[in-house]
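Data first, discussion second: the structure below is written as structure tokens.
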Amino acid sequence: MTYLDLPPLLRATGTIKLPGSKSISNRMLLLAALAEGVTEIRDLLDSDDTRVMLAALQKVGAGVTASADTPREMVTALGGNAYRVEGCAGVFPGKEADLFMGNAGTAIRPLTAVLALCGGHYTLSGVPRMHERPIGDLVDGLRQIGCDVRYTGSEGFPPLEIFPAQVNLAAPIRVRGDVSSQFLTALLMALPLTGQTAVIEMTTELISRPYIEITLNLMARFGVTVERDGWSRFTLPAGQRYRSPGLLHVEGDASAASYFLAAGAIAGGPVRVEGVGRESIQGDVKFADALEAMGAQITWGDNFIEASAPTIGKLKAFDLDLNHIPDAAMTLAVAALFADGKCTLRNIGSWRVKETDRIAAMATELRKLGATVEEGDDYLAVLPAPTFQANASIDTYDDHRMAMCFSLAALGGVPVRINEPGCVAKTFPHYFDAFAQIAAPVIAIDGPSASGKGTVAQRVAAALGFHFLDSGALYRLTALAAMKAGVALDDEAGVAALAGNLPAEFPGDRILLAGEEVNEAIRAEEVGIGASKVAALPAVRAALLDRQRTYRRFPGLVADGRDMGSVVFPEAPVKVFLTASAEARGARRYKQLIDKGMPANMRPLLQDIVQDLRERDARDAARAVAPLKQCDDADLVDTTALTIDEAVATVMDSVHRKLPFSN
Ligand code: DC
């Protein structure tokens, strides 16, 4: 079994660019494949569920390809991507296919309906859990109009086999809407393929209505309108065809946004998510309203939402009907652990037929953290404990949302183990890296050259088991790359372009530039001087910023440089400014040269080394951007009279004071 141990977390703050929405990605892919014309889809989610849809569409002959000319900025660290879909104008050319649907409800439901109208022979199957997730209401609806859809396993569940059939739409299709809204979505998306007037009548209450709004909204973008009578009757007028709108962007995933917004509300904030905002077509953005009802501070932008903790006191208890946001509601169940009283989540019966029985799973795992949980058929009541149970081992039931939700528990200041964390790949393969970007603790150690910070930072990282970033090495690598490429060190745009695409790798203790080991080369005196020159160029600093931030991972990071605390990780809970007199630093450098075996006749004079350090300090401190300086909230450690061991011990004191949970 694999697991991820999250350390106790104190604070969450920062900005996350969301991956594309799963609901929108899979709908857009299918509609584009059915449409007339070519559709370019940007920012498509790259995850298990979208791969399932892509593979199925390719198997039935839709022309779906990753755009060769995907603009670089579109391929984000979170896996966003651009695809070109050649629509097949309503008729898939592949008439025989065996399709594997994984555990993707957003793929199997609409594909079943579409394929039932395609006049071919298809089979659809999935992982074992998929074969326990109901599809009977949809199959009943399709059979009413003459479709030939058969169960090859248990009645009412996948796997399915589909045969060609003649359809008759004379009578309205009557379907239930109280198990999954995806059955209605599937029928709505498929019926325009018949070209005839089609009417769907709901025989029950319709749940999760905002998902139907996403469906209607996207169908409209492909030129098909649906007449709606409340939420009980839907009419598709005859003669409509899907037509490509050309270029489409996928919004950020609003359900995924819930984890980061909750983190901001629980642990200080502000945490901002980019990719959704007040214009979003996804119902799950209403999660922010629920957080606001708990007392969190919420700010809406056109393309962002931001959450911070209440100005005073704890998050407030709630009693809410959450039928409209079934997925994001899971995040509220975990946020309930941080509330000031008993929280009740109502009308969430659909949880029972999702990736797992989410009501049962949620109750079991919340109890491991000390909460008292009452579980009903369609509700959950959570009474938080005054303190979190440490070292809970959280099971995730192959459910991406269980894994993502329970990462928030570490914000209770306790270590939490997440079992089988890889299940997040269903919708958010890089979730834990993204969560680390706002929550993993950072120890920023800044200071002038030869202050000993590199050695101290490395020792502190080893003692804590944290990752280590030597940011100076990135500037040195940039200077070396420029020297090798013959780019002048004052050519700001040229050097920044190199810095933005630095082919540097750090396997073990080795430092590679374009595959060549450069551990020694980057320590050369002229490379150090070059680094200090390129480091003064604003465009170079900007080009290295995001790269440095990706080193922030669990269980934590020790980062050493000049602006770790001031610019790169301003929210770092521990900041240290390590310095020493120029004479002491010069003497250390001189000794290093002797230790390295440099012959006396080649060694620079001690006074020249000191002079050189002074000049470099002056340049680093005088530059316009990110000058070397001690932050107000940094602890000053003067190592002039300290041994390395004493310096490490002094820094560890700061760490223990500011990160009380660290070892
Ligand atoms: O720490 P170092 O000597 O390896 O750094 C090399 C140069 O890079 C140094 O002159 C300052 C610059 N630098 C910087 O400007 N900002 C950082 N965070 C790290 C290094």
Side-chain angles (χ1 to χ4, degrees), residues 442-461 467-483 489-490 492 495-496 498-499 502 504 506 509 511 513 518-552 557-570 572 575-580 582 585-586 588-590 592-593 609-631 634 639 647:
V442 176
I443 297 166
I445 303 185
D446 290 306
S449 289
S451 56
K453 65 187 162 35
T455 315
V456 171
Q458 252 169 315
R459 295 256 306 256
V460 170
H467 299 275
F468 170 61
L469 166 64
D470 170 5
S471 61
L474 292 174
Y475 288 96
R476 288 172 181 266
L477 282 161
T478 302
L480 182 62
M483 290 166 169
L489 295 181
D490 58 358
E492 183 162 358
V495 181
L498 285 174
L502 207 56
F506 304 89
D509 287 340
I511 303 178
L513 184 63
V518 292
N519 294 50
E520 285 291 314
I522 61 164
R523 296 292 148 203
E525 207 53 25
E526 73 268 22
V527 175
I529 293 167
S532 136
K533 286 189 182 149
V534 299
L537 306 171
V540 173
R541 302 201 75 85
L544 288 176
L545 195 58
D546 283 346
R547 179 166 196 152
Q548 294 175 80
R549 289 185 175 147
T550 63
Y551 285 84
R552 186 175 183 188
L557 173 69
V558 179
D560 116 53
R562 304 293 187 287
D563 60 345
M564 297 298 100
S566 56
V567 175
V568 183
F569 304 109
K575 295 182 188 175
V576 174
F577 194 80
L578 209 70
T579 188
R585 290 185 283 134
R588 285 175 195 163
R589 182 113 324 155
Y590 191 72
Q592 270 172 5
L593 296 179
I609 294 181
V610 173
Q611 181 58 25
D612 192 52
L613 281 172
R614 286 210 168 99
E615 281 168 20
R616 195 174 314 175
D617 289 354
R619 198 160 45 226
D620 288 348
R623 66 182 176 222
V625 278
L628 174 66
K629 65 162 198 231
Q630 182 191 345
C631 297
T639 66

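For the numbers below, each heavy atom of this structure counts, side chains included, while hydrogens, waters and symmetry mates do not. Counting starts at 1 for both ligands and their atoms, in listed order. Along the sequence shown, residues carry numbers from 1. For clarity, every value in this text was computed on a predicted model and none was experimentally measured.
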Under a 4.0 Å heavy-atom limit, does Arg623 contact ligand 1 with its side chain, its backbone, both, or neither? side chain
What part of Asp446, side chain, backbone, both or neither, has a heavy atom within less than 4.0 angstrom of ligand 1? neither
Protein heavy atom at shortest distance from [atom]:
atom                    : answer
atom 3 (O) of ligand 1  : Arg476 NH2, 2.9 Å
atom 10 (O) of ligand 1 : Ser532 CB, 2.9 Å
atom 19 (C) of ligand 1 : Ser471 OG, 3.3 Å
atom 20 (C) of ligand 1 : Gly472 CA, 3.5 Å
atom 1 (O) of ligand 1  : Arg562 NH1, 2.9 Å
atom 7 (C) of ligand 1  : Ala531 CB, 3.6 Å
atom 16 (N) of ligand 1 : Arg541 NH2, 2.9 Å

Does the side chain of [X] pick up a donor-acceptor pair with the side chain of [Y] at under 3.5 Å?
X      : Y      : result
Thr639 : Arg588 : yes
Arg562 : Tyr475 : no
Arg619 : Ser532 : yes

Would you mind listing which atoms of ligand 1 come within a distance below 4.0 Å of any non-hydrogen atom of [X]?
X      : result
Arg616 : 10 (O)
Ala535 : 12 (C), 15 (O)
Met564 : 18 (N)
Lys453 : 1 (O)

Decide, yes or no, whether a salt bridge links Asp446 with Lys629 under the criterion of side-chain N to carboxylate O below 4.0 Å. no
How far apart are the C-alpha atoms of Leu593 and Ile609, what are their side-chain angles, what is the distance that settles it, and do they pass the side chain to side chain contact (heavy atoms under 4.5 Å, CB included) test? CA-CA 11 Å; Leu593 296 179; Ile609 294 181; 3.9 Å; yes
Can you name the nearest heavy-atom pair linking Ala521 to Val527, along with the distance? O-CG2, 3.4 Å
After noting the C-alpha distance and the side-chain angles of Tyr551 and Val558, does the key distance pass the side chain to side chain contact (heavy atoms under 4.5 Å, CB included) rule? CA-CA 9 Å; Tyr551 285 84; Val558 179; over 6 Å; no
Chi angles and distances behind the salt bridge (charged side-chain N to carboxylate O under 4.0 Å, His left out) call for Glu525, Arg476: CA-CA 10 Å; Glu525 207 53 25; Arg476 288 172 181 266; over 6 Å; no
Just wondering, do Pro448 and Leu613 contact through their side chains at under 4.5 Å, heavy atoms? no
Examine [X] against ligand 1 and note whether any of their N/O atoms are separated by less than 3.5 Å.
X      : result
Gln548 : no
Asp560 : no
Tyr475 : no

Step by step, work out the salt bridge (charged side-chain N to carboxylate O under 4.0 Å, His left out) result for Asp470 and Arg523. CA-CA 13 Å; Asp470 170 5; Arg523 296 292 148 203; 3.1 Å; yes
Work out whether the distance between some heavy atom of Arg619 and some atom of ligand 1 is less than 4.0 Å. no
Starting from the C-alpha separation in whole Å, work towards a yes-or-no answer on salt bridge (charged side-chain N to carboxylate O under 4.0 Å, His left out) for Asp617 and Arg585. CA-CA 12 Å; Asp617 289 354; Arg585 290 185 283 134; 2.6 Å; yes
